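Below: one structure, written as structure tokens.
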There are 2 protein chains.
Amino acid sequence: MLGWEAIRAEVLRRIRARDWPPGGLIPGEEALAEEFGVARATVNRALRDLAEAGVIERKKRAGTRVAELPVRRARLEIPVIRLDVLGRGLAYDFQLLVDRMAPAPVPVAARLGLPEAAPMRYLETVHLAGGRPYVLEARWLNPGVLPPDPPDFSTVSANEWLVTHVSLVSGDIAFTAEAASLREAEVLGVAPGTPLLVAERTTHGTEGPVTLVRLAHAPGHRVQMVF
Amino acid sequence: MLGWEAIRAEVLRRIRARDWPPGGLIPGEEALAEEFGVARATVNRALRDLAEAGVIERKKRAGTRVAELPVRRARLEIPVIRLDVLGRGLAYDFQLLVDRMAPAPVPVAARLGLPEAAPMRYLETVHLAGGRPYVLEARWLNPGVLPPDPPDFSTVSANEWLVTHVSLVSGDIAFTAEAASLREAEVLGVAPGTPLLVAERTTHGTEGPVTLVRLAHAPGHRVQMVF
DNA sequence: ACTTGAATTATGTCTAGACATATTAGCCAA
DNA sequence: TTGGCTAATATGTCTAGACATAATTCAAGT
């Protein structure tokens, strides 16, 4: 019997073969269900999957059309740093370098949508892999949205605690290549100006902005994704 | 009536509230369906979605359990470079710098799973945004798996042609920060050693490895993702 | 010409029931 | 104890039919 994956494969084949050209409408679910001899729900499952992959675009009443330019999507799994390190077969450790309250600098407040100079908690942590510096984490935390039991971040990594104790709703991540600042060079043990892969993340919870974190990775770091 | 999104929200709430602790089994689909007064298919839809998000892990016969460490997933949309540039409100253009056949270097052949020194097509293209260098694209193409109508890559960007003419099955992307080589510095118009964000992609089609491409981005480039 | 509203239609979701499939637990034999 | 077979079970998928929802079309009224 034909399964939804077979339907998906056949639809994809026809799109690749230009049977159904980019931008064109494809037959409705009912028509496809009849053609393939399956229930409409099965066709729906297949088409929904293709829509998620960006191959087709679907709108009620308007029907389903082939995407003009197939946008490929890749998935990045953002691991807790400890597991990332252990997954590479190295011993993990971290050190809390800074933990203090400070007014949010303008760019930080702006990115999180908080008032300027709002009181925030600033944490600086260096994560170690096999005893060597792996990532320098600079984190701004919005104390207003945290659960009422503040842990000691010198024994529990903020990175890890947040994942399990704050329900994150949305966020974004950006990668850039930057020259190591004096501070970064010192902590990571490299020459100033060395190219570093920097990840900047903001996260928002149900009750507002939670944290902005900048991760400066040691040279040679690769961020890998599959699709 | 309760929809699958409501079910998903309630299950997520219970997980966050530690009603169902990390690593623990949650009730089966049938039990939840009865509790919420919906069909099992509706519960299945909700749980499948949570599994895709990495919140729970499901196995036949073994049941559904709360993921030990919630892995957050972000989605990267990989645009065709032309659209990426136009999307930033800049004029797009490109120049083909190199197009020749060459034996695959060892690391290239290894990454693609091809025999050493296999004959490949090597393309070097610089993409321009607003008249200024934006990306240097260095691409190794496996000529064995291409459709029989080779286009002229000096008028059609390889980047764009491949997306629409080869059915890609899988691939991976890796981002690194690297110091600009002499060649990269020259083409991009920056000083050698400048930190560059480099993306390296391999793609595989139904008939084998298709291409390996290295994109060296001009300084300041950001790769942005949401989750 | 312009706006409003209703009919139409394709996708979105749901139900109840069924069979498929993977995996585990338990049993039995070597 | 160990290996392998079997039965039990939770998830995976499918069907046929129904109603919900959004978006378009088109007609009517201003």
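Within every chain, numbering begins at 1; the chains are lettered A, B, ... in the order of the sequence lines, protein sequences first and strands thereafter. Keep in mind that what you see is a predicted model, and the values were worked out from it rather than measured.
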Footprint ends on DNA chain D, 5' to 3', for atoms under 4.0 angstrom from a heavy atom of chain A, come out as D/dT13 to D/dT25
Whether A/Thr176 side chain and A/Glu178 backbone form a donor-acceptor pair below 3.5 Å = no
Sub-3.5 Å pairs of nitrogen or oxygen atoms, protein against nucleotides 3-6 of chain C:
none

Close approaches to DNA chain C from residues 17-39 of chain A, in residue order (heavy atom, under 4.0 Å) | A/Gly28, A/Glu29
Hey, is CD on B/Gln95 packed in by over 12 heavy atoms from elsewhere, all under 6.0 Å?
-> no
Sorted by chain and residue number, the side-chain hydrogen bond (donor to acceptor under 3.5 Å, both in side chains) partners of A/Thr203 (sequence neighbours excluded) come out as none
How long is the gap from CG on A/Leu215 to NE2 on A/His221, to the nearest 0.5 Å?
-> 8.5 Å
For DNA chain C, what residues of residues 3-10 of chain B have any heavy atom nearer than 4.0 Å?
-> B/Gly3, B/Trp4
DNA chain D-proximal residues of residues 42-66 of chain A, any heavy atom under 4.0 Å | A/Thr42, A/Arg45, A/Lys59, A/Lys60, A/Arg61
Check for a donor-acceptor pair, side chain of A/Asn142 on one end and backbone N or O of A/Thr211 on the other, with a separation under 3.5 Å.
-> no
Heavy-atom nearest pair, B/Phe175 first then B/Ala199, reads CE2-CB, 3.6 Å
Examine the side chains of A/Ser157 and A/Asn159 and answer whether a donor and an acceptor come within less than 3.5 Å of each other.
-> no
Donor-acceptor pairs under 3.5 angstrom involving side-chain atoms of residues 128-138 of chain B: please list them, not counting sequence neighbours.
unit_1	atom_1	unit_2	atom_2	d
B/Tyr134	OH	B/Asp84	OD2	3.0
B/Tyr134	OH	B/Arg88	NE	3.0
B/Glu137	OE1	B/His127	NE2	2.6
B/Glu137	OE2	B/Arg139	NE	2.8
B/Glu137	OE2	B/Arg139	NH2	3.1

With distance as the sole test, does A/His204 use its side chain to make a donor-acceptor pair with the main-chain N or O of A/Gly171 at under 3.5 Å?
-> no
For B/Glu207, check salt bridge (charged side-chain N to carboxylate O under 4.0 Å, His left out) against everything at least two apart and list the hits.
-> none
Are B/Phe153 and B/Leu141 close enough that some pair of their side-chain heavy atoms sits under 4.5 Å apart?
-> yes
Using side-chain hydrogen bond (donor to acceptor under 3.5 Å, both in side chains) as the criterion, list what pairs up with B/Asp19, not counting sequence neighbours.
-> none
Could you pull out every donor-acceptor pair under 3.5 Å between side chains of residues 68-77 of chain B and any protein atom, sequence neighbours left out?
unit_1	atom_1	unit_2	atom_2	d
B/Arg73	NE	A/Glu77	OE2	2.7
B/Arg73	NH1	B/Glu52	O	2.5
B/Arg73	NH2	A/Glu77	OE2	3.4
B/Glu77	OE2	A/Arg73	NE	2.6
B/Glu77	OE2	A/Arg73	NH2	3.3

Donor-acceptor pairs under 3.5 Å, side chain of residues 109-121 of chain B to any protein atom, not counting sequence neighbours: which ones?
unit_1	atom_1	unit_2	atom_2	d
B/Arg111	NH1	B/Glu200	OE1	2.3
B/Arg121	NE	B/Asp99	OD1	3.0
B/Arg121	NH2	B/Asp99	OD2	2.9

Give every donor-acceptor pair under 3.5 Å between a side-chain atom in residues 22-45 of chain A and any protein atom, sequence neighbours left out.
unit_1	atom_1	unit_2	atom_2	d
A/Glu29	OE1	A/Arg40	NH1	2.5
A/Glu29	OE2	A/Asn44	ND2	2.8
A/Glu29	OE2	A/Arg58	NH1	3.2
A/Glu29	OE2	A/Arg58	NH2	2.7
A/Glu35	OE1	A/Arg14	NH1	3.4
A/Glu35	OE2	A/Arg14	NH1	3.3
A/Glu35	OE2	A/Arg14	NH2	2.6

